[in-house]
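First up is the structure itself, then whatever we jot down about it.
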Amino acid sequence: MADFNVVKGFLNIVLKTDIYAGFLKSEWNNASFGQTSLGAGKKVMVEYSSPNTNKPLHLGHVRNNLLGVSVANLYKAAGYEVVMANLVNDRGIHICKSMIAWQKFGNGETPESTGMKGDHLVGKYYVIFENALRDQTLPVIETAIAGNWTPEGDVAQTKYSAILGQLQKATEDKQIAKLKDDIKELVRNQSALMRETQQMLRDWEAGVPEVISLWKTMNAWVYSGFEKTYARMGVSFDQYYYESDTYKLGKDVVDEGLRNGVFYSKDDGSVWIDLREDGLDEKLVLRGDGTSVYITQDIGTADLKYQQHGVDQSIYVVGNEQDYHFKVLFLIMKKLGRPFASGMHHLSYGMVDLPSGKMKSREGTVVDADDLIQEMVNEAKAKTIELGKTEGLADEELSNLYESLGLSALKFFILKVDPRKRMLFNPQESIDFQGDTGPFVQYTYARIQSILRSASADASNASWQQGDINDQLQPLEIEAIQTLYRYSEEVNKACSESSPAVIAQYCIDLSRTFNRFYNECHIMREPDPIIKNTRLKLAHFTAHTLKHALNLLGIQVVERM
RNA sequence: GACCUCGUAGCUCAGCUGGAUAGAGCAACUGCCUUCUAAGCAGUAGGUCACAGGUUCGAAUCCUGUCGGGGUCGCCA
């Protein structure tokens, strides 16, 4: 301790600078700096992405994927063994919509014949389906809302009358809109197009060969498209699950729960769990006809994951509109006495809003992931050319640079906000490369690399890695070292909170601290060799840490920019 | 209607396991490139931390209520 003082009841202690020098000396070249042992010996599964195979990925999926990759990286850095899983939603009515539309209007189009990315082609037919359905039902919906519609079937008739009754009494705009939507849904479900689609789903479940074959073909198109997007974003998986397999799971667990008295059946044969004592509601786990619901397969899949991988923790990266579902799922697993239940965690992230409002795929107001990435890369290129920083780089190096910068801007923009919070995506701001951005952090790294290159190019500095560390440090040097010192804690914090935002904020802190030091203290021009060597080590240490931190966010560094 | 969640500078966000004058970036305005990359740095201006109570020596932070945004309450996934 060098000094202390008391201000307003606070005891301030000033540490001697050799403490910092000692830390710098022992850690500056530690290749595993940032690696912690928080989760040593533990295994965690991170399930993320979970796309539907009827349309291309959009901005919402981008947030999901970036979070998934980054959280997996955080767990690895904290010493966990990690399994990255993708549960692909490859079956259901939404898939059949694309299939029906392609059959009707596709004229045999393929990704090859059109030059379109497979997921975009299938998505195109999903939109065509929705448009056709809208055109077909629009007039009927109007008469139905007016009360002049006759649905087919007693069930629909009863439901329609009930809604009409409520509609007459309703006063609030919101409630009226909701009831009109209900009517819309009824009409849509009775349209010829939807009946055809529902029939196709039944045929799929019955295994009708032509349907299965078309399904396989179109899904393959989608997968090849997804693969390109994943590769570009740096997304990968160790384990794939397909709902066409897992939707059958869970029924035996329902039997088990019935035997244990965790579940109970009603007169119609449907199976339920009563969660009212836990502040929730009664929840259906199996239909009266013995078929599964969403949660049935999630129960089965949870068991499957544990049997296959024996994980201690299981992270579900899923949007916050499913908060209730996961609360129920985790509670069920706990009541079933599963040992892994306490390790289940829902990483519930907020929706991404656009300045124009909400994204709706049915209405086509979505930001396509591929378009978005391309725009960011184009902007990176324009900016680099504008700044005249293309000199001395080959074409291939340049295109790698643009790719890296564009993706860095996108990833950082999305990951720097707390995952739990809803975020606004403003295209103009996201494309900014100044201030709290990915390229700003990359720039700091590239600057340091430039210094280190000239240090090793200069024969008189060849031994900078051996020399002593100066004990008498400047305030800005101390600040930089203090920031570096916090890094391991930040990694642990980010991991235990499943929040890459902690690391993103840290990247900004460290970059800003270093840049201030860089501006005030010269490195290569410093005459005292010991001070110079100390600063080179500090720069090297900073660069290494920035690289580690950026990699946690799934962002690559560039050596020059 | 019930439950969950968010509300901090014009805008986008930090800070939230209670502690010192509430921090950044963008936008606006001033400076700094014949010296290691100006995608940088320094500075000015901008906030009754939605509102009202409560707990506390002390509240942006914890509790209650009100208002406002979003979400969920399907034998959809």
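To find a chain, count down the sequence lines: A is the first, B the second, and so on, and within it residues start at 1.
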Treat a base pair as Watson-Crick or G-U wobble with both distances under 3.5 Å, then lay out RNA chain B in dot-bracket form, 5' to 3', with | for cross-strand pairs.
(((((((..((((.....[...)))).(((((.......))))).....(((((..]....))))))))))))....
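- Under the side-chain contact (heavy atoms from CB on, under 4.5 Å) criterion, A:N219 pairs with A:T53, A:D90, A:I95, A:W215, A:Y223, sequence neighbours left out.
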Taking only distance into account, with no hydrogens and no angle test, what donor-acceptor pairs under 3.5 Å do side-chain atoms of residues 268-275 of chain A form with protein atoms, sequence neighbours excluded?
| residue | atom | partner | partner atom | Å |
| --- | --- | --- | --- | --- |
| A:D268 | OD1 | A:S270 | N | 2.9 |
| A:D268 | OD1 | A:S270 | OG | 2.6 |
| A:D268 | OD2 | A:S270 | OG | 3.4 |
| A:S270 | OG | A:W272 | NE1 | 2.9 |
| A:D274 | OD1 | A:R276 | N | 3.0 |
| A:D274 | OD1 | A:R276 | NE | 3.0 |
| A:D274 | OD2 | A:R276 | NE | 3.4 |
| A:D274 | OD2 | A:R276 | NH2 | 2.8 |

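- Backbone-only engagement by A:L424 is indicated by non-hydrogen atom pairs under 4.0 Å involving sugar-phosphate atoms exclusively.
- Taking atom C1' in both B:rA14 and B:rG25, one finds a spacing of 10 Å when rounded to whole Å.
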Could you pull out the protein-nucleic contacts involving nucleotides 27-30 of chain B (nitrogen or oxygen on both sides, under 3.5 Å)?
none

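- When the P atom of B:rC36 is taken as reference, atom NZ of A:K537 falls 24 Å away, rounded to whole Å.
- Identified under the salt bridge (charged side-chain N to carboxylate O under 4.0 Å, His left out) test for residues 495-522 of chain A, with sequence neighbours left out: A:D436-A:R512, A:E479-A:R516, A:R486-A:D509.
- You'll find a donor-acceptor pair under 3.5 Å spanning the side chain of A:K389 and the base of B:rU37, going by distance alone.
- Applying the side-chain hydrogen bond (donor to acceptor under 3.5 Å, both in side chains) definition to pairs two or more places apart or across chains, those involving residues 289-298 of chain A are A:R287-A:T291, A:D289-A:T291, A:Y294-A:Q322, A:D298-A:H325.
- For a distance-only test at 3.5 Å, the side chain of A:T384 qualifies as a donor-acceptor partner of the base of B:rA39.
- Using a 4.0 Å heavy-atom criterion, one finds that A:Y443 contacts the bases of the nucleic acid, with or without backbone contacts as well.
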Could you go through nucleotides 31-35 of chain B and list every protein N or O atom that sits under 3.5 Å from one of its N or O atoms, giving the distance for each pair?
| residue | atom | partner | partner atom | Å |
| --- | --- | --- | --- | --- |
| B:rU35 | O2 | A:R525 | NE | 3.3 |

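- Both cation-pi conditions hold for A:R91 and A:Y247: the charged atom is under 6.0 angstrom from the six-membered ring centre and inside a 45 degree cone around its axis.
- Distance from the side chain of A:M423 is smallest for B:rC13 among the nucleotides B:rU37, B:rC13, B:rC36.
- Annotation: of the two residues near RNA chain B, A:C521 and A:K416, the 5′-most nearest-nucleotide partner is A:K416.
- Rounded to a whole Å, the CZ atom of A:R420 is 17 Å from the P atom of B:rC4.
- Checked against a 6.0 Å centroid threshold, the rings of A:Y487 and A:Y506 count as neighbours.
- Atoms NZ and OG, from A:K411 and A:S430 in turn, are 15.0 Å apart once rounded to the nearest 0.5 Å.
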Per-pair distances, 0.1 Å, donor-acceptor, side chain in residues 526-545 of chain A, under 3.5 Å, sequence neighbours excluded:
| residue | atom | partner | partner atom | Å |
| --- | --- | --- | --- | --- |
| A:E526 | OE1 | A:R535 | NH1 | 3.4 |
| A:E526 | OE2 | A:D528 | N | 3.1 |
| A:D528 | OD1 | A:I530 | N | 2.8 |
| A:D528 | OD1 | A:I531 | N | 3.4 |
| A:K532 | NZ | A:N461 | OD1 | 2.8 |
| A:K532 | NZ | A:M524 | O | 3.4 |
| A:N533 | ND2 | A:P529 | O | 3.4 |
| A:T534 | OG1 | A:N470 | N | 2.8 |
| A:T534 | OG1 | A:I530 | O | 2.7 |
| A:R535 | NE | A:E477 | OE2 | 2.7 |
| A:R535 | NH1 | A:H522 | O | 2.8 |
| A:R535 | NH2 | A:E477 | OE2 | 3.4 |
| A:K537 | NZ | A:G467 | O | 2.4 |
| A:H540 | NE2 | A:N29 | OD1 | 3.3 |
| A:T542 | OG1 | A:L538 | O | 2.8 |
| A:H544 | NE2 | A:A31 | O | 3.4 |
| A:T545 | OG1 | A:F541 | O | 2.8 |

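- Going from atom CZ of A:F514 over to atom C1' of B:rG40 covers 12 Å, rounded to whole Å.
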Go along nucleotides 72-77 of chain B 5' to 3' and tag each nucleotide: B for a protein heavy atom under 4.0 Å from its base, S when only backbone or sugar atoms are that close, - otherwise.
S--BSB
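- In B:rC32 the O4'-C1'-N dihedral to the base is more than 90° from 0, which defines an anti nucleotide.
- Ring planes of A:Y240 and A:Y242: parallel class, angle under 30° (limits at 30 and 60°).
- Salt-bridge annotation for A:R560 and A:E397: absent, with no side-chain N of the basic residue lying under 4.0 Å from a carboxylate O of the acidic one.
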Pair A:L57, A:V62 - check side-chain contact (heavy atoms from CB on, under 4.5 Å), show working.
CA-CA 7 Å; A:L57 304 175; A:V62 172; 5.7 Å; no
Is there a side-chain contact (heavy atoms from CB on, under 4.5 Å) between A:S408 and A:Q556? Walk through the geometry before answering.
CA-CA 7 Å; A:S408 153; A:Q556 303 305 311; over 6 Å; no
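- Counting only heavy atoms from C-beta on, A:Y518 has its side chain closest to B:rA38 among B:rC16, B:rA38, B:rC11.
- Within a heavy-atom distance below 4.0 Å of RNA chain B, the residues of residues 488-512 of chain A found are A:Q505, A:R512.
- Whole-Å rounding puts the A:I385 CD1 to B:rA39 C1' distance at 15 Å.
- Evaluation of the side-chain contact (heavy atoms from CB on, under 4.5 Å) rule for A:A302 yields A:Y316, A:M333, A:F340, A:M344 as partners, not counting sequence neighbours.
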Would A:L193 and A:R188 count as a side-chain contact (heavy atoms from CB on, under 4.5 Å) here? Give the steps.
CA-CA 8 Å; A:L193 206 49; A:R188 285 166 63 97; over 6 Å; no
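- Counting heavy atoms from C-beta on, the side chains of A:S498 and A:P419 never come closer than 4.5 Å.
- Aromatic ring centres of A:F514 and A:F517: separated by under 6.0 Å.
- Computed from coordinates, the A:Q442 CD to B:rA39 C1' distance equals 10 Å when rounded to whole Å.
- Position along RNA chain B of the nearest nucleotide to A:S450 versus A:D323 favours A:D323 as the more 5'-ward residue.
- Rounding to whole angstrom units, CG of residue A:D278 and P of B:rC3 are separated by 16 Å.
- Among the atoms of the strands shown, base atoms are found under 4.0 Å from some heavy atom of A:L405.
- In this structure, the CZ atom of A:F440 is 9 Å from the C1' atom of B:rA39, given to the nearest Å.
- Nucleotide B:rC3 holds its C1' atom 9 Å from the CG atom of A:L280, rounded to whole Å.
- For residues 408-428 of chain A, every residue pair satisfying the ring pair (Phe, Tyr, Trp, His ring centres under 6.0 Å) rule, not counting sequence neighbours, is listed here: A:F413-A:F425.
- The two residues A:V557 and A:K547 make their nearest non-hydrogen contact at CG1-CA, 3.7 Å.
- Distances were taken from every side-chain heavy atom of A:R447 (C-beta onward) to each of B:rA14, B:rU37, B:rA24; the shortest belongs to B:rU37.
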